[in-house]
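Sequence lines set the chain letters: A, B, ... in the order given, protein chains first and strands last, and positions in each chain run from 1.
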There are 2 protein chains.
Amino acid sequence: MTDIRSSIIDVAKKAGVSIATVSRVLNESDKVKPETREIVLAVINEMKYAPSPAARGLIMRKTEAIGLLLPDLHGEFFSEIIRGADATIQHQGYHLIVSSSHNDPKEIEAALRFMRGRVDGLVVMSPQVESELLLDTLPKSLPVVLLNCHINNPHFDTIVTDGFGGARDMVSYLFSLGHTRIAVVKGGENNIESQERLRGYRSAFATHGVPLNKAYEFDGDFTEASGFEAAREILELEERPSAIFTFNDSMAIGAIGAIRDAGLRIPNDISVCGFDDIPVAKYLSPSLTSVHVPIHELGAMAISRVFDRLHKRTKGDAAHIFVPTTLSIRNSCKKLNGKSTQEKEMIILR
Amino acid sequence: MTDIRSSIIDVAKKAGVSIATVSRVLNESDKVKPETREIVLAVINEMKYAPSPAARGLIMRKTEAIGLLLPDLHGEFFSEIIRGADATIQHQGYHLIVSSSHNDPKEIEAALRFMRGRVDGLVVMSPQVESELLLDTLPKSLPVVLLNCHINNPHFDTIVTDGFGGARDMVSYLFSLGHTRIAVVKGGENNIESQERLRGYRSAFATHGVPLNKAYEFDGDFTEASGFEAAREILELEERPSAIFTFNDSMAIGAIGAIRDAGLRIPNDISVCGFDDIPVAKYLSPSLTSVHVPIHELGAMAISRVFDRLHKRTKGDAAHIFVPTTLSIRNSCKKLNGKSTQEKEMIILR
DNA sequence: AATCGTCATGTAAACGTTTACATTTTAGCT
DNA sequence: AGCTAAAATGTAAACGTTTACATGACGATT
């Protein structure tokens with residue numbers, strides 16, 4: 001058990017050198033005699049001394065931490081982002097600080113305030129965040145990468161996944177299977193990602209000349225429970241849809257539970273597909289068809305981008321990376337009568 | 001966009017007061033005239049000044065952060081721990097710093113070193129951690145709560161879930177359904193939680209006088225993929241077990257995928273049960289029977305404990321909390337012929 | 001012996017904030 | 001107006017580290 005009160009002054013005294021020499025030893029300067037180094041290291045070990053991050057941070061102006069601000073921490077989607085970020089940060093001399101804003105503007109601000117001064121770079125994934133808040137709260141010199149924030153500001157590097165295209169393609173795929181009555185479970189009024197996906201859903205209807213049915217649009221909040229509830233309502237419709245498309249896999253999983261409880265079979269009685277393609281999707285019964293988002297890679301990409309800025313590998317104008325989505329076709333969607341297999345393959349290869 | 005270089009000195013100069021007055025305004029001292037306060041706050045807002053956490057930490061010796069060190073970050077189990085911790089820390093004037101040790105001793109040490117000086121309290125969930133490392137690395141004054149670490153040291157508060165009892169009861173429940181050929185997917189050689197659960201599994205066999213079959217013990221690593229692989233091997237056994245018990249739900253989900261791919265039905269052809277009762281378990285088809293661990297509450301409890309120490313609400317001897325597990329009986333386990341329903345109810349109500 | 005250059009080490013200031021104690025200002029009373 | 005006490009504000013030191021520049025020691029050369 002070490003005592004927080006031992007400082008570099010105590011170590012220097014005990015080793016019989018100056019505090020500068022102790023600092024040099026700690027920071028691996030070559031301006032120290034090997035014999036002196038040995039002595040100092042022995043004292044450091046004996047006293048179990050560790051430098052104060054606050055003092056170091058104050059003088060060096062770096063914290064050796066990278067912040068990751070997420071809208072929520074629930075489930076595999078976010079744990080995959082974190083894992084990608086974490087894997088990328090490994091062995092880079094930095095640590096990851098994860099925080100959640102609970103999708104609340106006040107809490108976004110509080111989290112940003114906390115991060116400021118505590119991180120050397122920041123990844124923000126928050127559909128609700130506005131560039132003004134970021135500009136007001138964060139120092140100009142802090143590398144910031146926005147992930148699915150839909151902010152177009154020349155100051156920030158952004159990475160955005162193609163929610164519109166993914167949803168459009170999934171609905172097109174369902175059309176190719178013969179489905180025209182397709183219910184959708186959305187992700188919330190203020191959620192820009194949900195809005196993009198809804199736009200894709202509607203776009204596919206327009207493109208294929210299939211009439212839209214507003215009664216097939218249901219509210220959810222990206223949780224399993226909200227997907228369960230929405231599916232229960234969907235199953236009670238007079239004219240039941242032949243497929244349910246949820247805007248994330250967690251809601252698809254909840255919908256699967258409701259369908260199971262209603263004694264219906266997937267995909268025989270009703271097809272289900274989701275968005276994100278979280279790792280669990282492939283193990284479900286049946287395996288879930290989902291818009292594939294390279295989640296782990298998103299986290300990795302964002303952190304890489306921060307490092308590029310931090311290590312001056314990238315300067316100048318902000319980069320805007322658009323990450324395409326693909327379809328992971330599995331077994332949760334049934335082909336209805338009347339469509340050919342060729343159409344299915346055409347969509348996948350797009 | 002704020003400039004990192006504006007300091008309390010700049011604010012004081014612009015407001016025409018001393019730095020102590022600015023500090024008093026920032027820290028809501030009542031020793032400031034309202035008129036003076038207004039002036040200073042206006043300047044602070046205009047300059048978008050925020051205090052340096054490093055400087056504050058250096059003088060106040062607190063960071064306003066609580067650390068949570070997990071063995072891994074994958075999936076709903078850990079995201080539920082984080083969520084419980086996060087919910088408990090809300091509005092307490094602290095933020096959560098999450099880190100992962102990847103179950104590697106070197107990385108445990110690195111993470112502890114990073115946390116030291118950056119957190120005011122710490123929750124450690126790491127089966128592999130040893131008390132000597134904690135004692136060597138962390139200051140005596142830092143509140144530390146160990147979660148499922150199986151360390152018995154008078155210095156640390158501990159919270160331990162009943163892995164032994166949960167596994168024993170699950171196996172007993174399977175016996176009550178008539179299963180005697182029960183395969184188990186373990187969680188890794190060095191994992192103490194897996195060892196406790198294995199001990200419970202074996203204990204139930206001994207208690208019920210059912211012969212143990214070492215060929216039914218399979219290695220996994222708590223991931224879906226390892227559960228998938230283990231189940232594939234299990235399904236190829238000459239004398240196939242009638243039930244698979246995995247030491248966490250992620251492996252159960254993987255096993256479900258392998259069973260599905262083999263064209264078998266759960267529970268008609270083979271029963272499956274897991275451990276932890278992560279949120280997704282109840283939505284699976286069929287819903288998964290699992291040893292219920294109050295995951296979210298664990299995270300909450302651990303943080304509460306840290307706060308108790310931090311706010312001096314608890315002093316003296318370390319507390320050791322033992323958290324019982326219960327069974328969440330759902331639909332993934334079939335009753336074989338020959339056992340009564342009364343035995344089933346008796347086990348649940350224990 | 002004196003001088004010069006290199007290496008190793010030490011001294012002092014800086015970083016940005018908080019706060020104990022000193023000083024000034026203000027309000028109320030005589 | 002003068003005095004007193006309380007309120008408000010200011011000064012200076014502290015916190016623990018890093019590092020620019022100063023200093024001292026040593027070896028080589030003339």
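Summarising the geometry, the separation between CG on B:L26 and P on C:dT18 is reported as 6 Å, rounded to the nearest angstrom. Rounded to whole angstrom, the span from the CD1 atom of A:I9 across to the C1' atom of C:dG10 amounts to 14 Å. Between A:M60 atom CE and C:dG16 atom P there is a gap of 15 Å when expressed in whole angstrom units. Between the CE atom of B:M47 and the P atom of C:dG16 there is a distance of 12 Å, rounded to whole Å. Between A:N27 atom CG and D:dA20 atom P there is a gap of 12 Å when expressed in whole angstrom units. The separation between A:I39 atom CD1 and C:dA8 atom P is 14 Å, rounded to whole Å. Atom NZ in B:K62 sits about 15 Å away from atom C1' in C:dT17, given to the nearest Å.
Closest heavy-atom contact between B:S6 and B:Y49: O-CD1, 3.7 Å.
Remark: side-chain polar atoms of B:S79 are paired, donor with acceptor, to backbone N or O of A:G75 under 3.5 angstrom. A:T63 contributes a side-chain N or O that, together with a main-chain N or O of A:R118, makes up a donor-acceptor pair within less than 3.5 Å. Counting only distance, with no hydrogens or angles, the side chain of B:D120 and the backbone of B:E64 share a donor-acceptor pair below 3.5 Å.
The phosphate of C:dT17 has neither OP1 nor OP2 within less than 4.0 Å of any side-chain N or O from B:S52.
Looking at residues two or more places apart in sequence or on another chain, you find a side-chain contact (heavy atoms from CB on, under 4.5 Å) between B:S304 and B:T88. Legend: residues meeting side-chain contact (heavy atoms from CB on, under 4.5 Å) with B:I321, ordered by chain and number and at least two apart, are B:I159, B:M301, B:R305, B:V323.
Pairs engaging residues 85-97 of chain B under the salt bridge (Lys or Arg N to Asp or Glu O under 4.0 Å) rule: none recorded [sequence neighbours left out]. Among residue pairs with one or both ends in residues 90-99 of chain B, those qualifying as side chain to side chain donor-acceptor pair (under 3.5 Å) are A:E107-B:Q90; sequence neighbours excluded.
If you check every strand for non-hydrogen atoms under 4.0 Å, B:A12 touches nothing.
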When you compare the protein's N or O atoms with those of nucleotides 8-15 of chain D, which come within less than 3.5 Å of each other, and at what distance?
residue: D:dT9; atom: OP1; partner: B:T36; partner atom: OG1; Å: 2.3
residue: D:dT9; atom: OP2; partner: B:K33; partner atom: N; Å: 2.9
residue: D:dG10; atom: OP2; partner: B:S18; partner atom: N; Å: 2.7
residue: D:dG10; atom: OP2; partner: B:S18; partner atom: OG; Å: 2.8
residue: D:dG10; atom: OP2; partner: B:T21; partner atom: OG1; Å: 2.7
residue: D:dG10; atom: N7; partner: B:R24; partner atom: NH1; Å: 3.4
residue: D:dG10; atom: O6; partner: B:R24; partner atom: NH2; Å: 2.5

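Over its length, the helix from C:dA1-D:dT30 to C:dT30-D:dA1 turns its helix axis by 60°, as judged from the five terminal pairs at each end, rounded to 10°.
When side chains are defined from C-beta on, A:L142 counts as touching A:L122, because their heavy atoms get closer than 4.5 Å.
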